[in-house]
Amino acid sequence: MDKTNIEKLLETMKILRSDKGCSWDRAQTHQTIRQNMLEEAYEAVDAIDDNDIKHLKEELGDVLLQVVLHSQIAADNNEFTFEDVAEEINKKLIHRHPHVFSDVKVNGVNEILDNWEKLKKEEKPHRKSCLDGISKAQSALMTAQKLSKKAVKAGFEWIKEEDVIDCVNSEIKEFIEAKTKDEMELEFGDILFALVNLARWRGLDAEQCLIRANKKFEKRFRKMEEIAHNNNITLETLTVEEWDKLWRTAKNETCNC
């Protein structure tokens, strides 16, 4: 019987990590390729955001490579294998979908999510706080969203959206009144955290909002550079008023997406 592509991939990685393989692959540890996992995941997300299916297939392969490499490193250290990884996630999926794999009845997506959280707690009895389990490796913005959502599930929530807006305004006022750099950092962080909660109230993903804002700014700034180049304008010599005029021109020539 012909080997499956995943079997071929696992065999390739095993060879690369062997004495007859690649010295770079052999030298890697979970720690040395930690950043690679993050970078490949973000590149896959970029492909999703760009709706580039061909690129997504490639990037998912790079993410899978990280899983396979980490699994082989673990196997070489007698810790676990790729089969163990696949077995554990399969068991978890079955356990957390009792409405599919057993006789549990649910009414809608909300009940499915509630069951997911209950089963997750059963699997991790060592977690004492509702805030336990939040990744320390993700961005501060994503962490803020997680902290906020978990606190809300425990009942810590504003009564109405106007209260959240008041909180944002209050934090801005405290930032303006801050005297030292340390106070400014703390108050500015409070502004960001309050804004994350405002986004949550509107059903928005704060991380995605900032990603879109970054892309929009980059697109408009590149358009300004293009306009300046075509008109033999040196950006560094522009006045504030000229910058503003150029920005407005670039804004009019680019979409808001």
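Note that the structure is predicted; figures quoted are calculated from it, not measured.
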Steps toward salt bridge (Lys or Arg N to Asp or Glu O under 4.0 Å) verdict (Glu123, Lys91): CA-CA 11 Å; Glu123 295 169 359; Lys91 286 181 178 179; over 6 Å; no
Side chain to side chain contact (heavy atoms under 4.5 Å, CB included) between Ser139 and Glu207, intermediate numbers included: CA-CA 9 Å; Ser139 71; Glu207 180 85 3; 3.0 Å; yes
Carefully, step by step, assess Glu225 and Arg222 under the rule salt bridge (Lys or Arg N to Asp or Glu O under 4.0 Å). CA-CA 5 Å; Glu225 291 178 317; Arg222 288 182 182 275; 5.1 Å; no
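- Minimum heavy-atom separation, Glu161 to Trp201: N-CZ3, 3.4 Å.
- Looking at Arg200 and Asn197, their side chains come closer than 4.5 Å, going by heavy atoms from C-beta outward.
- Side chain of Glu183 to main chain of Lys179: a donor-acceptor pair is present (N/O by atom type, distance under 3.5 Å, no hydrogens or angles).
- Proximity of a side-chain donor or acceptor of Ser71 to a complementary backbone N or O of Val67 within less than 3.5 Å is detected.
- Across every non-hydrogen atom of Met37 and His70, the tightest pair is CE-CD2, 3.6 Å.
- Atom CD1 of Ile159 has 12 or fewer heavy atoms from other residues, nucleotides or ligands within 6.0 Å.
- Hydrophobic clustering, with ILVMFWY side chains joined whenever heavy atoms are under 4.5 angstrom apart, keeps Leu195 apart from Phe217.
- The backbone N or O of Val240 sits nowhere less than 3.5 Å from a side-chain atom of Asp244 that would complete a donor-acceptor pair.
- A donor-acceptor pair shorter than 3.5 Å cannot be found between the side chains of Thr249 and Asn252.
- The distance from the CG atom of Asp62 to the CD atom of Gln66 is 7.5 Å, given to the nearest 0.5 Å.
- Separating the OG atom in Ser170 from the CD1 atom in Ile165 is a distance of 13.5 Å, to the nearest 0.5 Å.
- Using a 4.5 Å heavy-atom cutoff, the side chains of Trp158 and Asp166 are not in contact.
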Candidate pair Asn36 and Gln28, rule side chain to side chain contact (heavy atoms under 4.5 Å, CB included), full reasoning: CA-CA 11 Å; Asn36 300 50; Gln28 300 316 303; over 6 Å; no
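- In terms of heavy-atom proximity, Met224 sits nearest to Ala250 at CG-CB, 3.5 Å.
- Hydrophobic clustering (ILVMFWY, side-chain heavy atoms < 4.5 Å, transitive): Phe193 and Leu131 are in one cluster.
- The residues Glu58 and Lys54 are annotated as not salt-bridged, no charged nitrogen and carboxylate oxygen being separated by less than 4.0 angstrom.
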If you apply the rule salt bridge (Lys or Arg N to Asp or Glu O under 4.0 Å), what do you find for Lys118 with Asp114, and how did you get there? CA-CA 6 Å; Lys118 290 177 183 177; Asp114 287 342; over 6 Å; no
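- Under the 30°/60° scheme for interplanar angles, the aromatic rings of Phe101 and His97 are found to stand perpendicular.
- At least one side-chain heavy atom of Ile134 sits less than 4.5 Å from a side-chain heavy atom of Lys150.
- With hydrogens and angles disregarded, a donor-acceptor distance shorter than 3.5 Å links the side chain of Asp84 to the backbone of Thr81.
- Note on ring orientation: taking the six-membered ring where Trp is involved, the planes of His30 and Phe80 are parallel (angle under 30°, cut-offs 30° and 60°).
- In this structure, Ile227 is a member of the same hydrophobic cluster as Trp243, with clusters built from ILVMFWY side-chain heavy atoms closer than 4.5 Å.
- Atom-to-atom distance recorded for Thr12:OG1 and Glu7:CD is 11.5 Å, nearest 0.5 angstrom.
- In terms of heavy atoms, Val164 sits closest to Ala194 at CG1-O, 4.0 Å.
- By the 6.0 Å contact criterion, CD on Glu88 is open, its count of non-hydrogen atoms from other residues, nucleotides or ligands being 12 or less.
- Looking at Gln72 and Asp76, their side chains do bring a donor and an acceptor atom within 3.5 Å of each other.
- Rounded to the nearest 0.5 Å, atoms CG (Asn231) and CD (Glu226) are 10.0 Å apart.
- Side-chain atoms of Thr234 never come within 3.5 Å of backbone atoms of Glu236 as a donor-acceptor pair (strictly under, hydrogens ignored).
- Heavy-atom neighbours of Arg26 CZ from other residues, nucleotides or ligands within 6.0 Å: above the threshold of 12.
- The two atoms that bring Phe175 and Glu187 nearest to each other are CA-CB, 3.6 Å, heavy atoms only.
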Run the side chain to side chain contact (heavy atoms under 4.5 Å, CB included) check on Val196 and Leu147 step by step: do they pass? CA-CA 10 Å; Val196 165; Leu147 287 169; over 6 Å; no
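- For the side-chain contact (heavy atoms from CB on, under 4.5 Å) criterion with Arg212, the lone passing option out of Gln208, Lys215, Lys216 is Gln208.
- Counting all heavy atoms, side chain and backbone alike, Leu238 lies closest to Glu242 at CA-OE1, 3.3 Å.
- Crowding of Glu83 atom CD: a count of heavy atoms from other residues, nucleotides or ligands under 6.0 Å not exceeding 12.
- Under the 4.5 Å side-chain criterion, counting only non-hydrogen atoms from C-beta, Lys149 is not in contact with Lys146.
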Side chain to side chain contact (heavy atoms under 4.5 Å, CB included) between His99 and Asn115, worked out: CA-CA 9 Å; His99 56 289; Asn115 282 341; 5.5 Å; no
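- Counting heavy atoms of neighbouring residues, nucleotides and ligands inside a 6.0 Å radius, atom NZ of Lys3 does not exceed 12 of them.
- By the rule that hydrophobic residues join a cluster once side-chain heavy atoms approach within less than 4.5 Å of another member, Leu192 and Ile172 end up as members of one cluster.
- Residue Ile191 is not grouped with residue Leu186 when hydrophobic side chains (ILVMFWY) are merged at heavy-atom distances under 4.5 angstrom, including chains of intermediate members.
- Side-chain contact between Lys92 and Ile89 is present, with heavy atoms from C-beta onward closer than 4.5 Å.
- Between the Asp132 side chain and the Ser129 main chain, a donor and an acceptor come within less than 3.5 Å of each other.
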